[in-house]
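Chain identifiers are assigned alphabetically (A, B, ...) following the order of the sequence lines, protein sequences preceding nucleic acid strands; residue numbering begins at 1 within each chain.
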Amino acid sequence: MNETRAPMYLAALNEQQRAAVLHSGGPLLILAGAGSGKTRVVTTRIAYALDDLGADPASILAVTFTNKAAAEMRERLAALTPRAHDVLIKTFHAFGAWVLRRFGGEIGIDRGFLVYDESDSLSLLKAELGNACGPAQIRGWLSLISRAKDLGLGPDADERELRKLSYDRRFPEIYARYEERLRATGNLDFGDLILHALRLLKESQTTRDRLRRKFAHVLVDEYQDSNTAQFELLKELVAPSASLVVVGDDDQSIYGFRGAEVENILTFPDSFSGTEIIRLEENYRSTRTILAAASAVVAHNSRRMGKTLITKNEAGNPVHIVLFGDYTEEALYAARLVERNPQTETAILYRTNYQSRIFEEVFGRLGIPYLLVGSVRFYEREEVKDTLAYLSLMTNPRDEVAARRIINKPTRGIGEKTEEKAMTAAATHGGDVLAACRDANAFASGKTAGRLRDFAGLIDGLHTLLAGSPLTHFIHEVIRKTELLDLYTGRDEAEGTSRAKNLEELVNAAAPYGQGEEALREFLENTLLSTPEYGEAYGGRVTLITLHNTKGLEFERVIISGLEEGVFPSERKDGDGDIEEERRLFYVGLTRAKRELVLTACRNRLLYGQPIRSAPSRFLDEIPPELVVKEDLGGGSSAGAVPGRASGAWPPGTRVYSYEYGQGYVETSETKDGHEVVTVHFETGRTIKILPKYHDLIKAGDE
DNA sequence: AGTGTGAAGGTTTTT
DNA sequence: CCTTCACACT
């Protein structure tokens, strides 16, 4: 190591971090606790390789699991070195697409393939199985198929292996039928991006060698989230001579439901011989209290490597637990916290996306700006998918799912029966739906055939515009000529929505892509594999986000909401919920907080619109009581006054604790307009009048 | 072919 | 509370 040449950024690292950056030789496993500077180590390591070891940017591959993490890494690397531009930073799936786009032809994959999302796969399987299965069952089959792909099992895999996934004897056959139908469209689903990339590397020695030569440096972030297929892909991809670094934390494995195998990180040293392990156990993010709470919670899990996180940070405030009557109170409380310290960067975390709704509503009503992350992904919106379907069908006329979606949208007099006939006819044209429509006289009567020909004509006509015009202009023509724009403008007026605006946004999103067929393909690929956030006009400091989406992020103040049994931990009827994974998810949430941590729960929650009682999450009891301040702001009913809170609940002399002001005692107590008003003298020397009902005041030692 | 009605049924989490 | 689906009507 050459200390004199070592750049400034190395000086900012601790000993373990520096060792992780400078390590050379065999594979490296970095076990990085929450907040231990993991991303910093990865980005610094890349910058060091570029700036000091003279590595070629194009020889570096960094893989993450979410788009957000990839974006974050790109940004932070760019801040370290100007040579970052050509470094390949992608999600595992996007990397699979990258490989297949270039070399997939060798195993018969269409260069112009698009990626079907879950709903596309669903409609495809539905088309294949007809009315024989209900929607729930189709969903079930699809999830099995996707698990199989996670395991690296294609439809031709050993039947005994496939049977392990399902006792249902029909599964292998249904998997095979789905796959055949999918291949006929020329497109791929998410699982295929990994599975076929793996197959390619196994079958084509040329491509494997080529990629192995190219990627002399491979880094994998969030390695605990990798699944079996991804692990195998990695083994094929990385040359023995290459530098392989994986970073992860078994306590933060939260994607088991989509096939992630914690085993991959536990057995990494066995799979890659000569592995060195470096542990990052110093947390730079959270207060001592927050870290102690999180560590105590995750200690309840049995299947873990075990590690001890330490921090030099101050103890900070206790963890604040608040109980409410219902979700509205919970949301109002969060809003009030935000209003009180509007400059404090805050995140509101929840288990499921739909829980964001009440916060959106309350924040909107109070005029508090917020950033909503994830929720309904842009490209999953109906109007966006419609437009993308037109574009897809143009580039790939075998795209059955796209064709079904738009063949009668806007309505053009083509019904279900006709649609079915057209799809059947497509088979005789090599799957080309547009060709079948042009030749509609073969299976449809005069008028209907004319409509089908018009449909094909519309798309062919649009296609001719593609070559000469910039992509933005072209897509605008598509939404105009297909009359999607009119359709949604009309609906917007009727329903008060803003779908037409989303279409404009889609047009704008195409701006960086130049023109022509190639630009369109690139645009489609990027759109389908990424999730842009709508942060426009966001002027505030509040983020609404699912727990899963927060991985890798940090906030000054974190509010985890909906801590109720059945919600978090979530409860599944079929009973194979994994409580330890839920707990890890909770751990992830807790460790996002830098300084302030608020946990909230409600006594009543809504199930299908009906209020039902719910018990506070067991996780709340797993935090040591001495780290916690508990408060109960919600009696029984959500309507009217709370019984049992009559005047005199705060007699003079009561020792109290306020989250805002600290310890104190009640000096006087009186009742005004039916509300109890107390004067509290705090240890800080301040004396303040407080309405306990509306303030987070609690009795010291209160449970 | 398209549209409107009522009843039934359904919730994780992401690529 | 929402969406989705079957069925009857225009």
| Considering only side-chain heavy atoms of A/Glu118, which listed nucleotide, C/dC2, B/dT15, B/dT11, is closest? | B/dT15
| field | Gap between atoms CD and P, on A/Glu222 and B/dT13 respectively (whole Å) | value | 19 Å
| 5' priority, DNA chain B, between A/Glu582 and A/Thr418 [closest heavy atom] | A/Thr418
| said: Can you tell me which nucleotide in B/dT11, B/dT12, B/dT14 comes closest to the side chain of A/Thr66? | reply: B/dT14
| field | Results of salt bridge (charged side-chain N to carboxylate O under 4.0 Å, His left out) for A/Glu382 - residues two or more places apart only | value | A/Lys409, A/Arg491, A/Arg499
| query | Under 4.0 Å between a side-chain N/O of A/Lys126 and OP1 or OP2 of C/dC5, yes or no? | reply | yes
| said: Categorize A/Asp117 for me: base, sugar-phosphate, or nothing, with a 4.0 angstrom heavy-atom threshold over every strand shown. | reply: nothing
| note | Judged by nearest nucleotide, the residue sitting upstream toward the 5' end of DNA chain B, A/Leu585 or A/Arg412, is A/Arg412
| said: Classify A/Glu581 by what it touches in the nucleic acid, base, sugar-phosphate, or nothing, heavy-atom distance under 4.0 Å. | reply: nothing
| said: Less than 3.5 Å apart, any donor N or O on the side chain of A/Ser561 or A/Tyr327 sitting next to an acceptor on the other? | reply: no
| said: Using a 5.5 Å cut-off between ring centres and planes within 30 degrees, is A/Tyr255 stacked on the base of B/dT13? | reply: no
| Distance, rounded to the nearest Å, where A/Leu487 contributes CG and B/dT3 contributes P | 10 Å
| remark: Between CD1 of A/Ile579 and P of B/dT13 the distance, given in whole Å, is 17 Å
| field | Face-to-face stacking of A/Tyr354 with B/dT11, centres under 5.5 angstrom, angle under 30° | value | yes
| request: Using a 4.0 Å heavy-atom cut-off across all strands, classify A/Phe92 as base, sugar-phosphate, or nothing. | output: nothing
| For the side chain of A/Phe190, counting heavy atoms from C-beta on, which of B/dT12, B/dT14, B/dT15 is nearest? | B/dT15
| remark: The salt bridge (charged side-chain N to carboxylate O under 4.0 Å, His left out) partner of A/Asp251 among A/Arg304, A/Arg584, A/Arg583 is A/Arg304
| query | Any side-chain N or O of A/Asn67 less than 4.0 Å from the OP1 or OP2 oxygen of B/dT14? | reply | no
| What's the closest nucleotide to the A/Ser570 side chain, out of B/dT15, B/dT13, B/dT12? | B/dT12
| said: I'd like the P distance from B/dT13 over to C/dT4, given in whole Å. | reply: 15 Å
| Looking just at side-chain N and O atoms, do A/Asn396 and A/Asp110 make a donor-acceptor pair shorter than 3.5 Å? | no
| Just by distance, with hydrogens left out, do A/Thr448 and A/Lys421 show a side-chain donor and acceptor under 3.5 Å apart? | no
| field | Base B/dT15 to side chain A/Arg258, donor-acceptor N/O within 3.5 Å cut-off | value | no
| request: Can you tell me the distance, in whole Å, between the CZ atom of A/Phe257 and the P atom of B/dT11? | output: 15 Å
| So does A/Asn408 get a side-chain nitrogen or oxygen closer than 4.0 Å to the phosphate oxygens (OP1/OP2) of B/dG2? | yes
| message | Given the ring of A/Tyr255, does A/Arg258 sit roughly above its face, with NZ or CZ under 6.0 Å from the centre of the six-membered ring and within 45° of the axis? | response | yes
| request: Could you check how far CZ of A/Phe586 sits from C1' of B/dT13, rounded to whole Å? | output: 16 Å
| message | Need one value for A/Ile414: base, sugar-phosphate or nothing, where a base atom within 4.0 Å counts as base even if backbone is also close, heavy atoms only. | response | sugar-phosphate
| query | Quick one: is B/dT12 close enough that its OP1 or OP2 comes under 4.0 Å of any side-chain N or O from A/Asn353? | reply | no
| message | Can you measure A/Leu142 atom CG to B/dT14 atom P for me and round it to whole angstrom units? | response | 17 Å
| request: Could you tell me the separation between the CZ atom of A/Phe65 and the P atom of B/dT15, rounded to a whole number of Å? | output: 12 Å
| Within this structure, what is the CZ-to-P distance between A/Arg147 and B/dT15, rounded to whole angstrom? | 14 Å
